[in-house]
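Proteins come first, then strands; the chains are lettered A, B, ... in the order of their sequence lines, and each starts at number 1.
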Amino acid sequence: MPRRPDVSPPPSASALRARIHAVVRRIPRGKVATYGQIAALAGFPRHARQVGYAMRDLPRGSDLPWHRVLNARGEVSPRAAVGWEDVQRDLLEQEGIELARERVDLTRYGWKPRTGHARPGEASAARGKPRSTSHAAPRRTRG
DNA sequence: GCCGTGACAATGG
DNA sequence: ACCATTGCCACGG
């Protein structure tokens with residue numbers, strides 16, 4: 001067997017990254033999700049930061065809707081390369097997502113993937129609740 | 001294998 | 001509501 005793993009397919013993307021990508025890809029147009037939310041949905045709670053790195057390492061021209069990922073406050077997170085923050089905001093508005101004072105109202109544009117059976121009406125009730133943004137499992141704190 | 005870094009998050013003042 | 005501090009974790013040098 002001739003040499004093999006010369007340029008082997010180093011997933012380069014750990015299972016974690018692959019998982020993150022899969023979740024980000026599911027964010028519907030016109031909606032946004034937070035880093036912590038993505039991490040939790042990917043099955044890795046408290047790995048919000050890793051989501052940020054995964055986004056940062058995305059190749060230019062990626063088909064992932066990376067612009068729909070915001071921080072827990074509904075803001076565009078600052079990154080190393082300046083200038084892209086405006087690009088992200090543009091992409092968001094392009095989808096009809098409003099930014100009030102550089103901020104997106106998560107209660108309105110936040111993506112709520114069906115986890116179980118959320119009834120309508122509960123949504124309005126949830127508004128104003130001190131949601132820990134940790135989603136699903138409060139486990140521990142911070143993350 | 002230890003140390004510093006970082007597209008995050010929660011808490012307290 | 002804003003700012004500073006603390007906690008968490010994978011990754012790279």
Subject >> Those residues that, when tested against A:Gln94, pass side chain to side chain donor-acceptor pair (under 3.5 Å) (two or more places apart) >> reply: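 For A:Gln94 there are no side chain to side chain donor-acceptor pair (under 3.5 Å) partners, ignoring immediate neighbours.
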
Subject >> Residues which pass side chain to side chain donor-acceptor pair (under 3.5 Å) with A:Glu95, listed by chain and number, not counting sequence neighbours >> reply: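 Listed in chain order: A:His67, A:Arg68.
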
Review item, side-chain donor-acceptor pairs of residues 23-33 of chain A, under 3.5 Å, at least two apart:
from    : atom 1 : to       : atom 2 : distance (Å)
A:Arg25 : NH1    : A:Asp63  : OD2    : 3.3
A:Lys31 : NZ     : A:Arg108 : O      : 3.3

Polar atom pairs (N or O), protein with nucleotides 11-13 of chain C, under 3.5 Å:
from   : atom 1 : to      : atom 2 : distance (Å)
C:dC11 : OP1    : A:Ser14 : OG     : 3.1

Subject >> With A:Asp90 via salt bridge (Lys or Arg N to Asp or Glu O under 4.0 Å) - residues at least two apart >> reply: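 None.
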
Subject >> Candidate nucleotides C:dC2, B:dA10, B:dA7, ranked by approach to the side chain of A:Arg73 - the nearest >> reply: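 Comparing C:dC2, B:dA10, B:dA7 against the side chain of A:Arg73, the answer is C:dC2.
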
Original post:
Which of these nucleotides, C:dC2, C:dC9, B:dA7, is closest to any side-chain atom of A:Arg49?
Top reply: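 From the listed options, C:dC9 comes nearest.
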
Atom [atom1] of [X] to atom [atom2] of [N]: distance rounded to whole Å?
X        : N      : atom1 : atom2 : answer
A:Ile20  : C:dA10 : CD1   : P     : 11 Å
A:Ile38  : C:dA10 : CD1   : C1'   : 18 Å
A:Asp105 : C:dA1  : CG    : P     : 11 Å

Original post:
Quick one: is A:His47 getting a side-chain N or O under 4.0 Å of the C:dC9 phosphate, OP1 or OP2?
Top reply: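 Answer is no, no contact under 4.0 Å.
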
Original post:
Which salt bridge (Lys or Arg N to Asp or Glu O under 4.0 Å) pairs, counting each pair once, include a residue from residues 34-43 of chain A, with sequence neighbours left out?
Top reply: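 Applying salt bridge (Lys or Arg N to Asp or Glu O under 4.0 Å) to every pair that reaches into residues 34-43 of chain A, excluding sequence neighbours, yields nothing.
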
Original post:
If you take atom types as modelled and just measure distance, does the side chain of A:Arg46 reach the base of C:dC9 with a donor-acceptor pair under 3.5 Å?
Top reply: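 Side chain to base: no pair present.
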
